Amino acid sequence: MESYNQTLPGIFYLIGLTTVPHLQVIGFLIFVMMYILTLVGNCLLLITVKTSPTLHTPMYFFLSNLSIIDICLSSSIVPVLLINTLYKDKSISVEGCVVQMFCYLVFSAGECILLAFMAYDRFVAICRPLHYSSIMNMRVCVTLVLIPWIVSSINSYIQTYITWTLPFCRTHHINYFFCDVPPLLRMSCRDPWLNEISMYVASVTIVSGSFFLTLVSYVYIISTILRIKSSQGRRAGFSTCTSHLTVVTLYFGTLMSVYLQPPSYHSLEKDTVVFILYTVVTPMLNPIIYSIRNKEVKICIRKNIKNCETLKMF
């Protein structure tokens, strides 16, 4: 602990995405628009689910929690990114870096687990329709929502704690656009083997476990739908899970493009693009996908807009 106190600097410096002035302006405008769309889209979805009794079902309960996580995930990254893009001072305090790392790990792992549970919800709805209400009761739904928060918080605390017990003596400049674990491990002047093992175990357990549950759920879902004799029944079956399947494909496809590549194919530029897609673009697209591909949500949004217009007339 004494070594830790001696080698921990007061501030770090985030390198950011680019140092070219005109690219910084363009990047700032793009990220501002994407962040606004993320907040508006997810808040609109939350309000729609809250104010529409027909959407008070387990699927939309999970979807509301996904929107909350998306807002939090984007808000843990984008504001700092915007500040560092706009201003020359790219410093971040140790406390700010710790909080950002902790929040990012909580929300990213929480979303991964929640998407797997949403796949299980679709499995029950399609493969066990007669028992859906009894299986997916309120107690089960609340439990399935709490598990991602609890597991991701425990994992985040462990990863953050062991990262910040490392001595940083090589440089105080983080070669990334936010405080993530891998860039800080590269800055340590001590072999971070324990951190790497811990990070690997957490990734395998959370990401692989969630992907496996999602994959098994959709194998059963697709096999059940294909056994339906009428084409109309098959279309109805696929329509209930199209939105979630699109979001899952986008989410896990982004993750696997990073983690399933050989080390020789990795580069800072590629990883940065992928993580921007994962932390900025995906939270913006999720409510759009669920709104466009979901008939129930579109009907409720139109109804709410009409109600607002009626109230304005009075």
Side-chain angles (χ1 to χ4, degrees), residues 45 48-49 52-67 69-70 109-148 151 204-257 259-260 278 282-283 285-303:
L45 196 56
T48 302
V49 173
S52 305
T54 56
L55 300 183
H56 293 175
T57 62
M59 183 179 81
Y60 294 105
F61 177 66
F62 292 128
L63 181 57
S64 297
N65 281 273
L66 180 65
S67 290
I69 290 177
D70 280 337
E111 180 164 2
C112 187
I113 300 169
L114 183 60
L115 285 172
F117 288 158
M118 291 174 72
Y120 173 74
D121 170 71
R122 293 298 82 207
F123 158 76
V124 177
I126 294 173
C127 301
R128 303 287 188 273
L130 299 178
H131 304 284
Y132 181 72
S133 298
S134 59
I135 294 175
M136 300 302 295
N137 56 63
M138 182 54 68
R139 184 177 179 180
V140 171
C141 290
V142 171
T143 302
L144 292 179
V145 165
L146 288 177
I147 288 174
V151 172
V204 170
T205 304
I206 294 174
V207 178
S208 301
S210 300
F211 177 75
F212 179 74
L213 177 59
T214 304
L215 182 63
V216 170
S217 296
Y218 272 104
V219 167
Y220 279 101
I221 287 170
I222 293 171
S223 63
T224 300
I225 292 174
L226 292 177
R227 286 200 298 267
I228 299 174
K229 294 181 180 180
S230 68
S231 59
Q232 186 177 359
R234 287 195 295 270
R235 281 197 299 270
F238 279 118
S239 67
T240 62
C241 57
T242 302
S243 298
H244 179 259
L245 186 59
T246 305
V247 170
V248 164
T249 303
L250 181 65
Y251 181 87
F252 284 107
T254 304
L255 284 183
M256 289 180 179
S257 66
Y259 293 110
L260 294 185
Y278 167 59
T282 301
L285 291 179
N286 284 350
I288 297 173
I289 292 170
Y290 273 102
S291 300
I292 292 174
R293 304 300 296 268
N294 194 302
K295 193 174 182 180
E296 290 178 316
V297 174
K298 285 193 290 187
I299 291 171
C300 290
I301 289 175
R302 291 195 194 104
K303 189 181 294 184

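In this text the structure is predicted, and so the values were computed from the model without any measurement.
Separation of atoms OH (Y120) and CZ (F62) is listed at 9.5 Å; rounding is to 0.5 Å. Rounding to the nearest 0.5 Å places SG of C141 at 14.0 Å from OH of Y60. In this structure, the separation between CE on M136 and CZ on F123 is 11.0 Å, given to the nearest 0.5 Å. If you take CD1 on I206 and CD1 on I113, they are separated by 5.0 Å, rounding to the nearest 0.5 Å. Atom CG of L45 and atom CD1 of I289 lie 11.5 Å apart (nearest 0.5 Å). To the nearest 0.5 Å, the span separating CD on E111 from OG1 on T282 amounts to 7.5 Å.
With hydrogens and angles disregarded, a donor-acceptor distance shorter than 3.5 Å links the side chain of H244 to the backbone of L115. Side chain of S52 to main chain of L55: no donor-acceptor pair is present (N/O by atom type, distance under 3.5 Å, no hydrogens or angles). In this structure a side-chain-to-backbone donor-acceptor pair under 3.5 Å is missing from S208 to T205.
Few gaps surround CZ on F238; more than 12 heavy atoms of other groups in view lie less than 6.0 Å from it. Around atom CZ of R128, no more than 12 heavy atoms belonging to other residues, nucleotides or ligands sit under 6.0 Å away.
Annotation: side chain of V140 is not in contact with side chain of I135 (no heavy-atom distance under 4.5 Å). In this structure, C241 and Y218 have side chains that are in contact, with non-hydrogen atoms separated by less than 4.5 Å. Counting heavy atoms from C-beta outward, L213 and F117 have side chains that approach closer than 4.5 Å. Side-chain contact between Y290 and L66 is present, with heavy atoms from C-beta onward closer than 4.5 Å. The side-chain heavy atoms of F61 and H56, taken from C-beta on, include no pair separated by under 4.5 Å. Annotation: side chain of M59 is in contact with side chain of R122 (closest heavy-atom distance under 4.5 Å). Residues F252 and C112 have side chains in contact (heavy-atom distance under 4.5 Å, counting atoms from C-beta outward).
Looking at every heavy atom in both residues, A119 comes nearest to S217 through O-CB, 3.7 Å. Pairing each heavy atom of T246 with each of T242, the nearest pair is OG1-O, 2.8 Å.
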Evaluate the criterion side-chain contact (heavy atoms from CB on, under 4.5 Å) for residue pair L250 and L285; output intermediate values, then yes/no. CA-CA 9 Å; L250 181 65; L285 291 179; 3.9 Å; yes

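The only member of N137, D121, I126 that meets side-chain contact (heavy atoms from CB on, under 4.5 Å) when paired with Y132 is D121.
Side-chain atoms of N286 and Y251 form no donor-acceptor pair, as typed in the model, at a separation below 3.5 Å.
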